[in-house]
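Take a look at the structure below.
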Amino acid sequence: MEKEKKVLVVGSGGREHAIVKSLAKSPKIGKIYCAPGNAGIAQDAECINLKVDDVEGITNFAQRNQIDLTVVGPEAALVAGLSDAMQSCGLKVFGPTKGAAQIESSKEFAKKLMSKYHIPTAKYESFSDFNKALDYVKSGTFPTVIKYDGLAAGKGVVVALNLEEAEKALSDMLNDHKFGNDKVIIEEFLQGPEFSFMCFVSGDKVYPLELAQDHKRAYDGDKGPNTGGMGAYSPVPFVSPEMHKKALNDIMIPTAKALVKEGVPFCGVLYGGLILTEDGPKVIEFNARFGDPETEVVLPRLESDIFDFFNAAIDGYDFIPQWSHDAVIGVVLASKGYPGSYEKGAEIKGLDNIEGEVFHMGTELKDGKFHVAGGRVLMVTAHGDDLPQANLNVRKEIALIECPGLFHRTDIGKAVLNQ
Ligand code: AMP
Ligand code: GLY
């Protein structure tokens, strides 16, 4: 029975590289495919040239190759209905249906669900008329939060500090249709540290993963523009066991149950982007998939066989994952200029000297050497007995990489290093 299972991972970033590397540790797996993968993933899996939203192509591939399990990374594949199509062909897939993925793809769906089932989150109103939205903002206080109602690659949220900023955001979204669609949500500004709570969910069964914190701003001190994530760490010491329990019992479990009641049971990773306010944890957003770059620091701490964990979650069996007590910090090396325009093509040297795990986000292989091919290029991770030790280790690793075109943050996890 050993080494016979075939798995397919859908996606092409650091998150999918972490899923692939984690699956590669399972003694049950004989073959890992990744669609489309990237140059780094190609070292650990066979990459298949199919786009993540090519539902027909991916489903046919899985059928032809008798894939035992497909793990879907990006929301674009979920929203395109990949899980629905695979399930209807009898294929085993870890990732929610299009209906259940609305918890990420429609902010209004998520807010209505939370309101109906009393799940703690910021108060909100939704608008499609610019003047009505503006009147509402004028009658409230600042900061206020304006969110585009749909997928906007992490760029659809504006924390407006004053009326001018709010008006511009509303005009961009409702008058100029910057992201398509024509709906926004205006919500109460919440204060507190944020953390990411990912759970494997199968209907009303919820299996929590270890917590992580993401760093979304480009530069040290949380300055600069928002990005896809510049680094992450796990565990998160500022969330006490009591608050952790509250987040699980008041947010993650009731949300899974609510989705079942609404007729869209969830199977996959339910990601709670939570904020620890004075009144306890509240929801900032839900995602319907593994977080990136949180996955790259959480999965390396998983000691159980992830293939068993995926199967238990899909089938709804009891499973208690074992986690290492290590801390992990991951730092993203990005192209200078990211998230704006940047240059591609520079060679990356020194990767062979690194002992920790390196997840590729945007690289390409030319003449046997890795080169820069994206905005976020690599995520370098290191373990330690605690976060300060992991931090020292990750600094040493990064120093081994030579590539003048890259930059990184030097303060990932800094706020909690001494806790
Ligand atoms: P989202 O895409 O919904 O996760 O929002 C992106 C970022 O905007 C979050 O990580 C928060 O830092 C910030 N944000 C979103 N909603 C709120 C809120 N209601 N109060 C304060 N900050 C928020
Ligand atoms: N790290 C945030 C996300 O994956 O959306």
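Just so you know, ligand 1 is whichever comes first in the structure, and atom 1 is the first atom listed for that ligand. The analysis underlying the following values was restricted to heavy atoms, covering all of them including side chains, and did not include hydrogens, waters or symmetry mates.
Taking every non-hydrogen atom of K147 and a distance limit under 4.0 Å, the qualifying atoms of ligand 1 come out as 3 (O), 15 (C), 16 (N). Counting the atoms of ligand 1 from 1 in the order shown, those under 4.0 Å from a heavy atom of L190 are 18 (C), 19 (N), 20 (N), 21 (C). Near E187, meaning under 4.0 Å from one of its heavy atoms, ligand 1 places the atoms 16 (N), 17 (C), 18 (C), 19 (N). Within the listing of ligand 1, atoms 2 (O), 3 (O) sit less than 4.0 angstrom from a heavy atom of K107.
Counted within 6.0 Å of NZ on K6, heavy atoms from surrounding residues, nucleotides or ligands total more than 12; the atom is thus considered enclosed. Atom NZ of K92 has more than 12 neighbouring heavy atoms from other residues, nucleotides or ligands inside a 6.0 Å radius.
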Sequence neighbours excluded and cut-off under 3.5 Å, please list the side-chain donor-acceptor pairs for residues 118-128, or say none.
unit_1, atom_1, unit_2, atom_2, d
T121, OG1, K111, NZ, 3.0
T121, OG1, V283, O, 2.8
S126, OG, E108, OE2, 3.0

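For atom 14 (N) of ligand 1, the nearest non-hydrogen atom from the set V283, I284, V158, N226 belongs to I284.
If you check the side chains of D214 and S196, you find no donor sitting under 3.5 Å from an acceptor.
For K257, the side-chain contact (heavy atoms from CB on, under 4.5 Å) partners two or more places apart in sequence, or in a different chain, are D204, I253.
Evaluation of the ring-ring contact (aromatic ring centres under 6.0 Å, His included) test over residues 91-115, restricted to residues two or more places apart or in two chains, returns F94-F200, F94-F310.
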May I have every N or O pair linking ligand 2 to the protein at under 3.5 Å, one per line with atom names and distance?
unit_1, atom_1, unit_2, atom_2, d
ligand 2, 1 (N), D214, OD2, 2.8
ligand 2, 1 (N), D292, O, 2.9
ligand 2, 1 (N), E294, OE1, 2.8
ligand 2, 1 (N), E294, OE2, 3.1
ligand 2, 4 (O), R289, NH1, 3.0
ligand 2, 4 (O), D292, N, 2.9
ligand 2, 4 (O), D292, O, 3.4
ligand 2, 5 (O), N287, ND2, 3.1
ligand 2, 5 (O), R289, NH2, 2.9

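Of the heavy atoms in V145, only side-chain atoms (C-beta onward) come closer than 4.0 Å to ligand 1.
Each of I186, V158, D129, N175 was checked for a side chain to side chain contact (heavy atoms under 4.5 Å, CB included) with L170, and the lone residue meeting it is I186.
Looking at E16 and F290, their side chains never come closer than 4.5 Å, going by heavy atoms from C-beta outward. Between L378 and T363 there is a side-chain heavy-atom pair separated by less than 4.5 Å.
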